[in-house]
Amino acid sequence: MSRSLVDSTLFDPIGPYSHAVRAGDQVFVSGTPGVDPATGQLAGPGVYEQTVQAIRNVLALVQAAGATERDIAHVQVNLVNVADFAEMNRAYAEHFTQPYPARTVIGIAALPKPGALLTLNAVAVTSER
C-alpha cells in the first residue's frame, strides 16, 4: 500500500515528517501542537487555548484528506503537564461529539516547540462511506 501526502496550509513541519498522510482508507495525523497557522505562534499560553487550536489543526488536516470529525477513530494527546488534564479535557469535550474517538493521554517531559503544552495526533478511517 502506498501513502500520499495530505496537502494542508498549516505551518511548516519542524522536521522530516508530514503533517498527515493517507494510506488506503486511513488518514494518519502527526503530533500537532496548538500553533495558529496564520501566525505560526502558539494560540495562547494556556493548555485550553492550545488544545482548541490543536483540535482545529487536526480537523483541518482530516478535512483536507476528505474525511470528517466523525471519521476520527483514535486521538492521542501528549501532555507536558498531566495536571493540565482537566482543561485539556474540557476543550476536547467541546470539540468532539459522541461517540467520542478512542483516546490515549500520555504525560511527556517536553516538546520541541518552546511553550507548547501538548500535541494531538489522530487516525481517521473513511472506509465505511
Side-chain angles (χ1 to χ4, degrees):
M1 176 182 333
S2 65
R3 65 179 183 261
S4 60
L5 176 68
V6 174
D7 190 24
S8 74
T9 58
L10 288 183
F11 49 90
D12 290 334
I14 60 171
Y17 70 93
S18 301
H19 283 298
V21 295
R22 177 181 274 286
D25 63 355
Q26 297 183 7
V27 179
F28 297 88
V29 178
S30 293
T32 305
V35 172
D36 182 340
T39 66
Q41 302 299 313
L42 291 167
V47 74
Y48 178 85
E49 297 87 0
Q50 289 186 30
T51 303
V52 168
Q53 186 62 56
I55 292 169
R56 288 177 182 155
N57 293 344
V58 166
L59 293 176
L61 289 162
V62 166
Q63 290 167 356
T68 70
E69 179 259 332
R70 303 292 297 162
D71 296 317
I72 297 174
H74 184 263
V75 174
Q76 179 173 311
V77 180
N78 302 298
L79 194 58
V80 170
N81 187 347
V82 178
D84 288 334
F85 180 86
E87 282 298 291
M88 175 280 300
N89 203 48
R90 181 170 67 94
Y92 188 94
E94 291 173 0
H95 289 84
F96 286 100
T97 58
Q98 291 190 16
Y100 298 113
R103 183 179 79 182
T104 304
V105 178
I106 298 175
I108 59 172
L111 289 163
K113 175 87 173 156
L117 302 175
L118 79 158
T119 62
L120 270 66
N121 53 291
V123 177
V125 181
T126 61
S127 63
E128 293 185 9
R129 288 193 203 178

Identify, with sequence neighbours excluded, every residue that meets salt bridge (Lys or Arg N to Asp or Glu O under 4.0 Å) alongside Arg90.
-> Glu87, Glu94
Ile72 vs Val27 side-chain heavy atoms within contact, under 4.5 Å = no
May I ask you to test the Asn89-Arg103 pair for a side-chain heavy-atom distance under 4.5 Å?
-> yes
When rounded to the nearest 0.5 Å, the distance separating CE of Met88 from CD of Gln50 is 13.0 Å
When rounded to the nearest 0.5 Å, the distance separating CG of Asn78 from CG of Leu120 is 8.0 Å
Considering all heavy atoms, the nearest [X]-[Y] contact:
| X | Y | answer |
| --- | --- | --- |
| Val125 | Ala73 | CG2-CB, 4.3 Å |
| Gly107 | Val82 | CA-CG2, 3.7 Å |
| Ala91 | Thr51 | CB-CG2, 3.6 Å |
| Leu117 | Pro45 | CD1-O, 3.3 Å |
| Val105 | Phe85 | CG2-CE1, 3.8 Å |

[Y] backbone acceptor or donor facing [X] side chain under 3.5 Å:
| X | Y | result |
| --- | --- | --- |
| Gln53 | Gly44 | no |
| Gln26 | Ala23 | no |
| Asn57 | Pro33 | yes |
| Thr32 | Ser30 | yes |
| Thr104 | Gln76 | no |

The side chain to side chain contact (heavy atoms under 4.5 Å, CB included) partner of Val29 among Val6, Val123, Leu61 is Leu61
In this structure, which one of Val62, Val58, Ile55, Thr97 forms a side chain to side chain contact (heavy atoms under 4.5 Å, CB included) with Glu69?
-> Thr97
